[in-house]
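The chains referred to below are lettered A, B, ... by the order of the sequence lines, with proteins before strands, and numbering in each begins at 1. Here the structure is a predicted model, which means the values were calculated and not measured.
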Number of protein chains: 2
Amino acid sequence: MTSLPVVNQPVHRSGALLDQLARRVRLRGESVLAPLGLRPRHLIALTVLRDRSGCTQQALAATLEMDGTNIVGLLNDLEAESLIARRRSPEDRRRHVVELTDAGVKRLAKAEFALAAVEDEVFAALNEAQRETLYSLLQQALGGGEDIACVAAINE
Amino acid sequence: MTSLPVVNQPVHRSGALLDQLARRVRLRGESVLAPLGLRPRHLIALTVLRDRSGCTQQALAATLEMDGTNIVGLLNDLEAESLIARRRSPEDRRRHVVELTDAGVKRLAKAEFALAAVEDEVFAALNEAQRETLYSLLQQALGGGEDIACVAAINE
DNA sequence: GCTAATCATTGATGCAACACGAACCATCTA
DNA sequence: TAGATGGTTCGTGTTGCATCAATGATTAGC
């Protein structure tokens, strides 16, 4: 190979940091979300569904990387409050197609608004531009991964 | 006010994304870490301790935002494998000062090396520069927060 | 049309990560 | 000397999952 001076940077694993930061958001977020009748994972599910409405439960399980049985319970919670709706898929009537309802969209917006203070606190050390950068990096990292699974599931 | 076109961006809450991405890393990381006798939270603790060796357990509890009693158990695990050492603080002999041992540093490096493949997979959609940006943003966000508590605890 | 395989659902069981409280010892502080 | 504080131990409870087993509805292979 070449004699390029391989920089050999000290690796910089983000995993632990990510975990820790997520924990902080979750801890504070829980108490903020509670009055809205939501838990962190509900919020995640709603967030995912906003972008990918019309997902199969299987595809949802894939993106959330959760067991199918747990998805059922989670959707039960959300459906009980009419935040999502399950329709049977026309092509394959075994499948349920999950969609965000208007109420769901509103509740999600409400939750995000309520979380503003929380994120301000957790991300206090970052300025506006940095937060935006962080957001788009996260979005990109997540989007690149299992997105395909969901889209494929829809299009097939 | 001015007639500047206020962009009114759609808020962009990173919380849910952060949670979701952290979950992915954790899920994959667990199986990689297991052979090393570590769990995710051990890795987090070691990571924190690398930067802030000589922390009081209280300060550690603050940064990790964990209950003091659980810190004890966590440190017991790490001490049992000689990855950390507890010394009594000279100024206040009630306090334990926690330090990373050489073995701890090595094990941590080993773990991070083992996690390379995991992060490559999870951050596949990000290039090298983006990953580095993400890392420093996370670092900055975390450092800005409870850091003070730890440093203050040491310096007082 | 009979027989798999598949999707969603329910229920049971279990584990691990905590939080929380009570009681204890050693130590510092007033 | 009395009271607060840091760490430790133990017990208890909760929650977020995974996992396994069983069922009903549907589709697909032959």
[X] side-chain N/O to [N] phosphate OP1/OP2 under 4.0 Å:
X        : N       : answer
Arg88(B) : dG6(D)  : no
Gln57(B) : dG6(D)  : no
Asn76(B) : dT9(D)  : yes
His96(A) : dA25(D) : no
Arg26(A) : dG16(D) : no
Arg94(A) : dA5(C)  : no
Asn70(A) : dA18(D) : yes

Where the side chain of [X] is defined as all heavy atoms beyond and including C-beta, which of [options] is the nearest nucleotide?
X        : options                   : value
Arg86(A) : dC17(D), dA16(C), dT9(C)  : dT9(C)
Thr69(B) : dA16(C), dA22(C), dC20(D) : dA22(C)
Met66(A) : dA4(D), dC17(D), dG7(D)   : dC17(D)
Asp67(A) : dA8(C), dA16(C), dT19(D)  : dT19(D)

Considering every strand and a 4.0 Å limit on heavy-atom distances, what is the contact class for [X]: base, sugar-phosphate, or nothing?
X        : result
Ser89(B) : nothing
Asp92(A) : sugar-phosphate
Arg23(A) : sugar-phosphate

Next item on the list: Grab the CZ-C1' distance between Arg87(B) and dG6(D) for me, whole Å please.
Entry: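 After rounding, the reported distance stands at 16 Å.
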Check: Is there a donor N/O on one and an acceptor N/O on the other, under 3.5 Å, for the side chain of Arg93(A) and the base of dT26(D)?
Finding: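 By the distance-only test, no, there is no pair.
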Item checked: Cluster check Tyr135(A), Leu21(A): I/L/V/M/F/W/Y, side chain < 4.5 angstrom ->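 Yes.
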